[in-house]
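The structure presented is a predicted model; accordingly, all values stated were derived computationally and were not measured. Note that ligands are numbered from 1 as they come in the structure, with each ligand's atoms numbered from 1 the same way. Sequential numbering from 1 along the given sequence is applied to the chain's residues.
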Amino acid sequence: MSYSLQHIANIIQSETKPADDRMVQYLLTDSRKLLFPDATLFFSIIGPRRDGHTFIAELYNRGLRSFVVAASFQEAASYPDASFLVVKNVLQALQDLAAFHRSQFHIPVIGITGSNGKTIVKEWLYQLLQSDHQIVRSPRSYNSQIGVPLSIWQLQSIHTLAIFEAGISEIGEMAALQQIIRPNIGIWTNLGAAHNEGFSNEREKALEKAKLFKDADLLIFYRDGIQPHCYPDTNDRALFKDTIRFFSWSRSEAADLQIINEQITDHETVITALYQQQKEQITIPFTDRISIDNAITCWATMLAQGYQSERIQQRMLLLQPVDMRMQLKKAVNNCYLLNDSYSNDIASLELALDFLVQQAGHNKMTVILSDILQTGIPDEQLYQMVLEKLNRRGVKRFIGIGPALSRYFNTLPAGTTQTQSGIPMISYYTSTADFLERESLNQFKDEYILLKGARVFSFERISQWLEQKVHQTVMEVNLTAMIHNLKAYQQFLKPTTKLMAMVKAFSYGSGSAEVARVLQFHKIDYLAVAYADEGVELRKAGISLPIMVMNVDEAGFDAMIQYDLEPEIYSFNIYRSFHSFLKNQGIREYPVHIKFNTGMNRLGFEIREADELAKELKQKGTMVVKSVLSHLAGSENPSLDAFTAQQVQAFLSACDQLNSQLNYSFIRHIANSAGIFRHPSYQFDMVRLGIGLYGVDSADTHQFALQPVATLKSTIAQIRTVAAGETVGYNRNGGVQQESRIATIRIGYADGYSRRFGNGIGQVIVRGQRAPVIGNVCMDMTMIDVTQIPGVMEGDEVEIFGKQLPIQELAKAAGTIPYEIMTSVSQRVKRVYVEE
Ligand SMILES: *Cc1c(COP(=O)(O)O)cnc(C)c1O
């Protein structure tokens, strides 16, 4: 979509006129995503921790000239040829522009809200309705105050139906989203307990959510998913238009669509309901409760739109699982594979490319792409645009698969493909089979490969081919959850407090480089590792953030300097030997971190040594103190709060002593994860976030919802029936009381599944239920009792820990702490990175 800058200035009521009247095609809120500076308008949004105005200089240097700024921005004069549109509130301006854009369209717009299921319902409606409509929808879960306007901006004249989701976390937000989306068809999936923080009670939350449907002509909702005192059709009539039509579904009471039977088999569910006094039935290829609920919501939507039963039935049978997650895995020849072959459209391609760029660092990037179907854009224009988007992001190799892409390349004059697109290597194939037949694995080496294809192209065949198939136990690391946790902690920080992330021990087992890249992308301030080797590995992976190394010795000095790592200096011994080393090398003012012992009695100078240390540091000048730190022994434990306070007092006195000698300032930090919000006044200049980042609340405060980051999964290799009186495993420890079904899973103590979990101490999740470990844990395998769980089959997935079985619970059962469980998962277990 494009508007002239002048037009936009009018729409958002800018107090200033633009310097030129260029056409604006792209709206930017995240400076990292700039691709087309000539046609982009940047909104300098002021967030809780980041102020968009601070990125203006950088964006200007990269060629951008059009900015929306707040009146407080005073530096316009330093950028002579740029346009600054000055507004009262930059976010509001973005929303106003989106609302204006929305008002240009007179097509059905579906707005979805609810505590769960928004994204699935949106994606399924897309699947169900795409043969009748040219649909625009929110990419992934772009449902926030910023995400919704950016979604709306995608609306173009070719579209005949729009589906947007709206998510809110506090009062007042929905009215803004309603103004932008203005749905004429509303869907309210449910009203669960999630995101309750911003509301004083359920009714308040319901009233807020209902605001989305203010101008709707039709509202579809799930009665049982909403408490009776919140029913929109009986309680909240005044919120809606007089003419609104309600369409509800329920399992338990009268409703437009009343479910009377659900028959679940191995692979599918047959759902029967009463609709207009008739029995109606659909069959869906899913068996879990959540999918069934979402499918019924879609069913209700189609009925309310007047779709015939037969057509609904046919399409429901074809519903595809929605896996919105992108997976990054190791592949052949030291490649990484980013597998996002669930769908292929421009918006999701862009999100996948952003993730690819973030993870690839300096490595070569390759994109394998299928035809993009049903965009409504002529092929020539479409693929030229796609190639340009890839080229702007530095993609070096493009492999196109499908008849349309082949046709596109074939019609270009010979030899012009590369030069036109700027991408050095381009090849194309008519089908996935054609590609697999003609390409060889050796052609892929040391590169980051994005695999993105519409479902009909069966790109899973390519992913299997490119992946190293190793043993089936994997640890899934959810990077989206990690960022959620990072933000949850950041909310507790003063805006000026810096954040150091602890990525020691392979990032608590989660994988160093991959985690560090995400953190670097999100602009944290520091990383810390335990040993020099770990820091070297991060540098080799292209991490440029400052890195503190906590435990250095003389053997590591060389590497420290070569790789620009900053040691923690914790004793006079290490201080003096590092000093001599620096002196020999002729290095002055090398950045270091000084650690004091305040009661942990592990590493650190004593407080009484501070004065002498300060004098030496000042006099010798080989090192410059970047920060001063200490470590709390019991920040998570309320009964140790007095001791914690003592530690902090000692730490501050050491800082003061250094401060009085050194004539420069340094960063002071003492709080770890539990300290950050149990002791907010101890945040000082920086905090060190460790286990909380990985989703474990070590203080067990339950004050804010962390999301588990790691999921350890395996599969069932064999199932047998064992008769009463027999035993299972080594030493005949696992006695069988009655005839039992015993499954052998592909994980053992060599993978990090401790022997302590043997003989009923540990449990795993199979088909959503718990199965106890029977007998001793073996080196590579473990036996579990699945007698009580119906339908278990060989090959079934087993969760060892994750969402369904928290690490904390395993730790408790084994008499240890989550830290040990997480860091014990061996390197043999493949890590798979997912981004949602
Ligand atoms: C590991 C470590 C941390 C992080 O601790 P968490 O409890 O995981 O937050 C902080 N500081 C030091 C010195 C550490 O060794």
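Partner H593 forms a ring-ring contact (aromatic ring centres under 6.0 Å, His included) with one of Y570, F666, Y526 and no other, that one being Y526. With I800 as the partner, the side chain to side chain contact (heavy atoms under 4.5 Å, CB included) test is satisfied by one option alone out of I745, L805, I765: I745.
With a 4.0 Å cut-off on non-hydrogen atoms, M550 touches ligand 1 through its side chain and not its backbone.
Closest to atom 1 (C) of ligand 1 among all protein heavy atoms lies K504 NZ, 1.3 Å. In this structure, atom 5 (O) of ligand 1 lies nearest to the protein heavy atom N672 CB, 3.5 Å. When hydrogens are left out, the protein atom nearest atom 11 (N) of ligand 1 is R688 NE, 2.8 Å; that is the closest non-hydrogen contact. Considering only non-hydrogen protein atoms, atom 12 (C) of ligand 1 sits nearest to H631 CE1, 3.3 Å.
Within ligand 1, counting atoms from 1 as listed, the ones closer than 4.0 Å to a heavy atom of Y819 are 6 (P), 7 (O), 8 (O). Close contacts between ligand 1 and G690 involve ligand atoms 4 (C), 6 (P), 8 (O), 9 (O) [criterion: under 4.0 Å to a heavy atom]. Numbered from 1 in the order shown, with element, the atoms of ligand 1 that lie under 4.0 Å from a heavy atom of S673 read 6 (P), 9 (O). Close approach of ligand 1 to Y508 (heavy-atom distance below 4.0 Å) involves ligand atoms 1 (C), 4 (C), 5 (O), 6 (P), 8 (O). Shown in contact with M502 at under 4.0 Å from a heavy atom are these atoms of ligand 1, numbered in order with element: 2 (C), 3 (C), 4 (C), 10 (C), 11 (N), 12 (C), 14 (C).
Below 3.5 Å of separation, one finds no N or O of L629 facing any N or O of ligand 1. For S698, no nitrogen or oxygen atom sits less than 3.5 Å from a nitrogen or oxygen atom of ligand 1, counting backbone and side chain alike.
Taking all atoms of both residues into account, the shortest heavy-atom contact from E554 to S577 is OE2-CB, 3.4 Å. R688 approaches M502 most closely through the heavy-atom pair CB-SD, 3.7 Å. H579 approaches M623 most closely through the heavy-atom pair N-CE, 3.6 Å.
Taking the six-membered ring where the residue is Trp, F677 and Y489 present perpendicular rings, their angle passing 60° and hence far from 30°. Ring geometry, F684 versus Y682: the interplanar angle falls under 30°, so the pair is classed parallel (tilted spans 30 to 60°). By the 30° and 60° cut-offs, the orientation of the rings of Y508 relative to Y694 is parallel.
In this structure, the ring of F557 has its center less than 6.0 angstrom from the ring center of F578.
For the ligand labelled ligand 1, residue R602 lies inside the 4.0 Å heavy-atom shell. In this structure, K595 is part of the shell of residues with a heavy atom less than 4.0 angstrom from ligand 1.
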